[in-house]
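Computed from heavy atoms alone, side chains included, the values below leave out hydrogens, waters and symmetry copies.
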Amino acid sequence: VNVDNEAFDRFARTELPRLLRYAVMLTGERDQAQDLVQDVLVKVYDQWPRVSGADRPERYVTRMVTHEFLSWKRRWHVRHIFATDNLVDLPGSPGVSDDADARATRDDLWHRLGELAPRQRTVLVLRFYEALPDAEIAELLGCTTTTVRGYAHRALTTLRLGFEPDPPQLNATTVEETR
Amino acid sequence: MNADQILRDTFVDHEHLTPDADETLRRVQDEIGRRTGVTHLGSRRRPFVVVATGIGVAATIVGIVAASVIFKSDDRPTGPTQPATQSTQPVPSGTSSLGSRTGPATAASVEYLTVAAGYLPPGTVTQVLGENGSFGELRNYVVTGGGTSTKVDLTSAPSVAALPGTTTFTGPGTSLKVAGHVARQWAKTGLSRVIVNRSGGVTAVDVTRTAMPASAIAALARTIAGGLRYDRHDALKPEFRLGYVPAGSVIAELAVDNQRTTSWLLGRTAAGGSAPLGANTNVYSTDAPPVLRGAAGRKVQGHVTRTGTKDGVPVLEIVGAVGRHTIVISGGPGAMNLSGLYKIGDGLFLG
């Protein structure tokens with residue numbers, strides 16, 4: 001593969017901060033985020049003509065990071081979801097008025113985001129952190145907008161940030177999920 | 001405050017976890033350089049790995065070229081004077097990681113690693129074992145404890161010249177002896193390297209801990225270097241093995257996770273070369289349901305298959321190929337077509 005090293009280097013330097021922040025939101029963890037982005041950028045190097053020739057190279061690489069994350073999770077991890085009955089009822093809950101409590105609330109939510117299925121978390125990151133419309137999220141994930149809304153709905157419900165009680169499949173004490 | 005805003009604030013509130021971009025770029029450049037034979041930086045990536053709770057792995061390089069075995073273990077030493085705990089899994093004599101049942105001869109046979117840390121600082125340890133045909137063994141530890149993280153990378157090679165280069169340190173360093181071996185050390189805030197010369201080769205010990213004073217990290221690196229063990233014989237048992245590797249490719253990586261799933265990465269080689277330029281085909285087992293919506297393919301070794309494309313590359317899934325696990329063969333950019341994937345599937349040694 002013929003690679004314009006200078007162009008790749010410029011692209012990497014420009015995009016790295018954004019990609020690393022995005023990877024942190026996906027993985028929830030610094031080292032995994034770094035490994036994820038590193039793996040993807042090496043692949044970007046291998047595919048540089050294709051990436052640099054894309055209409056929106058930065059979006060192309062975001063897609064690569066997303067799919068690499070989902071692939072990692074599917075291949076390497078088995079996690080346990082512990083559904084609990086004492087989740088904080090965030091909206092309107094008392095005690096979030098001062099900054100310390102708000103921070104504690106956000107930390108708690110961050111922890112619970114880590115317990116979501118990877119695709120659910122990914123949808124929340126893309127919708128609320130990257131501020132992408134559902135149509136773009138669907139295109140990025142290779143699914144329909146209906147599916148995206150389904151992921152978001154289930155995620156918000158699980159987090160008790162939305163609408164209904166826990167879905168039945170999460171009422172068990174422990175649910176083992178392969179991701 | 002509504003739920004949307006809480007989520008946005010939660011994400012933004014954790015941006016401080018973002019890794020350093022310069023360090024990441026350095027690792028990317030190093031990885032690219034290492035794979036293309038132009039090593040120019042000292043810090044390698046943590047190879048993409050496998051969580052393998054309760055399993056120890058090691059390997060000796062039995063020969064050759066460019067296979068790498070990667071493994072991550074959570075069963076770490078917890079005391080400051082305890083050696084890393086690794087179970088030994090002997091490999092039946094005569095077995096080989098690779099074969100050539102239906103295709104051209106393959107690259108390397110990786111069964112053991114010999115060098116390991118005998119001392120690591122207290123904390124929870126994850127471990128990666130690997131082998132690289134360009135220089136030899138590598139073993140990477142990450143020790144997390146006390147709110148900090150320490151990286152310990154061991155790289156063993158036949159000679160100093162064969163070690164990956166580094167521009168992190170300049171100058172001759174400091175001569176010393178560790179555990180009776182002639183050694184040389186460099187250190188600066190957050191990073192120290194010790195190269196131990198021993199009979200039969202050298203081992204570089206790179207210790208990284210953010211903001212740790214040079215004198216302290218130098219002392220830590222010397223302690224780790226002094227505790228190195230050169231007698232490990234830990235084996236990795238992949239769930240399945242490859243019997244066919246296409247001409248022009250070699251095995252770039254092998255990984256086994258705690259669920260006993262296995263991943264092999266193939267990489268193309270330059271004309272006449274033996275080192276992989278980059279992984280372009282992944283053959284892995286998974287206990288996840290098949291993900292393709294593609295067409296049913298022809299049977300492979302008696303197992304139902306599905307075929308299709310994912311992310312623009314051909315994919316062949318062999319359903320239930322090993323126990324309940326499906327084997328996925330995924331071509332990479334510029335890689336082989338579906339018939340090539342079938343050849344790999346036909347050549348697999350299952351179970």
Sequence-distant partners of A:E130, side chain to side chain donor-acceptor pair (under 3.5 Å), two or more places apart: none

Does the side chain of A:Q38 come within less than 4.5 Å of B:L25's, by heavy atoms? no

Roughly how far, to the nearest 0.5 Å, is the CG atom of A:L41 from the CD1 atom of B:I32? 7.5 Å

Between A:V24 and B:T18, the two heavy atoms sitting closest are CG2-CA, 3.6 Å

Side-chain donor-acceptor pair present, A:Q34, B:T24, cut-off under 3.5 Å: yes

Work out which heavy atom in B:L17 is nearest to a heavy atom in A:R30; give both atom names and the distance. O-CG, 3.1 Å

Identify whether the distance between the nearest side-chain nitrogen and carboxylate oxygen of A:D35 and B:R27 falls below 4.0 Å. yes

Using the ring of each side chain (for Trp, its six-membered ring), is A:W110 parallel, tilted or perpendicular to B:F11, with breaks at 30° and 60°? perpendicular

Pairwise side-chain contact, B:L7 with A:L113, heavy-atom cut-off 4.5 Å (strictly under): yes

Most contact-rich option vs chain A, by heavy-atom pairs under 4.5 angstrom, among B:D22, B:V328, B:V28, B:D20, is B:V28

Residues of residues 122-129 of chain A with a heavy atom under 4.5 Å from any heavy atom of chain B, in residue-number order, are A:L124, A:V125, A:F128, A:Y129

Under 4.5 Å from any heavy atom of chain B - which part of A:Y22: neither

